[in-house]
Amino acid sequence: MTNKSRIIQFWGLCDLLLIAWWISRTLIQGNIPIFYEIKTALKTSSSFGNHWPLIATMMGLTLYFSIIYSGKLLIQQNPRAAIVTYIQTPFRFIAATPSLFFATWPISYFISDYKQILIAGIIIVSMSEVAKLASIIPWHMNIKKNLITK
């Protein structure tokens, strides 16, 4: 197995670890994943009188399901993983869900100003996604090139 293959699998592992962390955190808080998010969104929607919280929650859950799919495909080094990753990237920015999700944890220990936390979060999400794309794009292009030359 080459280093490039390991890097691709690393991104898949990070995706699956993100999902495991989300499920664990929700369970530790005494809630049931997915059910809790939908229940909270319904409460918020009814208190505000509009459906945007529910729509945002459904989009977030869709992103999480796609992260499970991309994680599986990346670990298997399936070329479709690249397409899923390309589609996911803008939504990861919108939802502030970096591929290196654990990189955001230390921010609040070093920075207390919310504006600075937001800026640091944006920088971490950006760096994380650029690093992921910088490894996925050449891998995907190499696979396409090999398919054409065969």
Side-chain angles (χ1 to χ4, degrees), residues 1-47 51-143:
M1 186 179 303
T2 67
N3 284 339
K4 289 180 184 180
S5 298
R6 287 189 180 133
I7 291 169
I8 299 307
Q9 289 180 328
F10 167 77
W11 291 118
L13 181 63
C14 286
D15 282 353
L16 296 180
L17 286 173
L18 167 65
I19 299 303
W21 172 78
W22 167 63
I23 290 171
S24 301
R25 186 189 73 207
T26 306
L27 291 171
I28 288 169
Q29 293 172 347
N31 300 305
I32 300 169
I34 301 171
F35 174 74
Y36 172 74
E37 279 76 14
I38 293 171
K39 183 178 120 184
T40 304
L42 286 169
K43 276 185 184 178
T44 307
S45 288
S46 65
S47 70
H51 298 292
W52 282 111
L54 187 57
I55 293 168
T57 298
M58 297 314 263
M59 289 175 67
L61 290 173
T62 301
L63 175 62
Y64 277 6
F65 284 118
S66 77
I67 288 171
I68 294 169
Y69 185 60
S70 68
K72 176 185 172 287
L73 292 177
L74 287 165
I75 287 173
Q76 295 172 337
Q77 298 180 36
N78 186 318
R80 287 181 282 181
I83 305 301
V84 176
T85 299
Y86 302 151
I87 294 168
Q88 269 180 5
T89 300
F91 296 103
R92 283 184 180 263
F93 278 105
I94 292 167
T97 309
S99 294
L100 298 175
F101 70 97
F102 49 83
T104 58
W105 289 342
I107 293 174
S108 61
Y109 295 111
F110 299 110
I111 304 171
S112 59
D113 179 56
Y114 290 114
K115 192 176 188 180
Q116 290 177 344
I117 289 173
L118 177 65
I119 292 168
I122 290 169
I123 291 169
I124 288 172
V125 170
S126 299
M127 289 174 54
S128 170
E129 294 313 300
V130 166
K132 185 175 186 176
L133 288 174
S135 57
I136 300 261
I137 291 171
W139 169 74
H140 188 225
M141 298 299 265
N142 190 38
I143 289 171

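Residue indices begin at 1 and follow the sequence shown. Excluded from the calculations below are hydrogen atoms, water molecules and symmetry mates; all remaining heavy atoms, backbone and side chain alike, are included.
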Within this structure, what is the [atom1]-[atom2] distance for the pair [X] and [Y], rounded to the nearest 0.5 Å?
| X | Y | atom1 | atom2 | result |
| --- | --- | --- | --- | --- |
| Leu61 | Trp22 | CG | CH2 | 5.5 Å |
| Lys115 | Leu118 | NZ | CG | 9.5 Å |
| Met58 | Ile55 | CE | CD1 | 10.0 Å |
| Ile137 | Asn142 | CD1 | CG | 13.5 Å |
| Lys132 | Ile7 | NZ | CD1 | 13.5 Å |
| Ile32 | Leu27 | CD1 | CG | 8.0 Å |

Inspect the surroundings of [atom1] in [X] and state if more than 12 heavy atoms from other residues, nucleotides or ligands are less than 6.0 Å away.
| X | atom1 | result |
| --- | --- | --- |
| Trp21 | CH2 | yes |
| Phe10 | CZ | yes |
| Arg80 | CZ | no |
| Tyr36 | OH | no |

Could you pull out the closest heavy-atom pair between [X] and [Y], with the gap in Å?
| X | Y | result |
| --- | --- | --- |
| Ser135 | Trp11 | OG-NE1, 2.8 Å |
| Ile143 | Pro79 | CG2-CG, 3.8 Å |
| Pro90 | Ile87 | CD-O, 3.3 Å |
| Ala81 | Leu73 | CB-CB, 3.5 Å |
| Cys14 | Ser99 | CB-O, 3.4 Å |
| Pro138 | Leu133 | CD-O, 4.0 Å |

Checking the side chain of [X] only, and the main-chain atoms of [Y] only, is there a donor and an acceptor separated by less than 3.5 Å?
| X | Y | value |
| --- | --- | --- |
| Ser45 | Leu42 | no |
| Glu129 | Arg92 | no |
| Ser70 | Thr85 | no |

I'd like to check [X] versus [Y] (side-chain heavy atoms, cut-off strictly below 4.5 Å). Are they in contact?
| X | Y | result |
| --- | --- | --- |
| Leu74 | Leu16 | no |
| Ser5 | Trp139 | no |
| Leu100 | Ile124 | no |
| Tyr64 | Glu37 | no |
| Ile67 | Thr97 | yes |
| Thr89 | Phe93 | yes |

